[in-house]
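Read the structure below first, then the notes.
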Amino acid sequence: MAVRKSNKQTQAAALKQIIKRCSSFGRNNDNDFPNDVPRGHFPVYVGDNRSRYIVPISWLNHSEFQSLLQRAAEEFGFNHDMGITIPCQEEDFLYVMSMIQ
């Protein structure tokens, strides 16, 4: 059990680091970052067409969203420059959004 809890803590710390970096988009003069992401939010890309959604950091507290982030980490790793790509269909993401809101 302790190993599993430690692994979850490590994953949570890594996810928080990604989100911290994503939430600072548009806060500096680097033109590589989108300037339309408000503070406290981050972009995610979903579905085959990579539709872009801006979501609040508070969603990290929801188990449904954490599950999507875990799938993203397993498939794509933790190296995301412009946002997180979530490997699910857009309809599934919209359903999760409706559960969280």
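Along the sequence shown, the residues carry numbers beginning at 1. Computed from a predicted model, the values in this text were never measured in an experiment.
- Around CG of Asn49, the count of heavy atoms belonging to other residues, nucleotides or ligands within 6.0 Å does not exceed 12.
- Between atom CD1 of residue Ile54 and atom CG of residue Asp36 there is a gap of 5.5 Å, rounded to the nearest 0.5 Å.
- With sequence neighbours left out, Pro87 forms a side-chain contact (heavy atoms from CB on, under 4.5 Å) with Arg71, Ala72, Glu75, Phe76.
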request  = For side chain to side chain contact (heavy atoms under 4.5 Å, CB included), just list the numbers for Val44 and Phe65, CA-CA rounded to whole Å, side-chain angles, deciding distance to a tenth of an Å, and then say yes or no.
outcome  = CA-CA 11 Å; Val44 296; Phe65 194 72; 4.2 Å; yes

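- At a cut-off of 3.5 Å, with distance as the only test, no side-chain donor of Gln66 or Gln70 sits close to an acceptor on the other residue.
- Remark: side-chain polar atoms of His41 are paired, donor with acceptor, to backbone N or O of Arg39 under 3.5 angstrom.
- Taking CG of Leu60 as the start and CZ of Phe42 as the end, the distance is 5.0 Å to the nearest 0.5 Å.
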Only distances under 3.5 Å count here; give the side-chain donor-acceptor pairs of residues 91-101 to other protein atoms, sequence neighbours excluded, each with its distance to 0.1 Å.
residue : atom : partner : partner atom : Å
Ser98   : OG   : Tyr95   : O            : 2.6

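- Annotation: side chain of Asp48 is in contact with side chain of Gln89 (closest heavy-atom distance under 4.5 Å).
- For the atom pair Tyr45 OH and Ile86 CD1, the distance stands at 11.5 Å (nearest 0.5 Å).
- Using a 4.5 Å cut-off on side-chain heavy atoms (C-beta onward), Arg52 and Val37 make contact.
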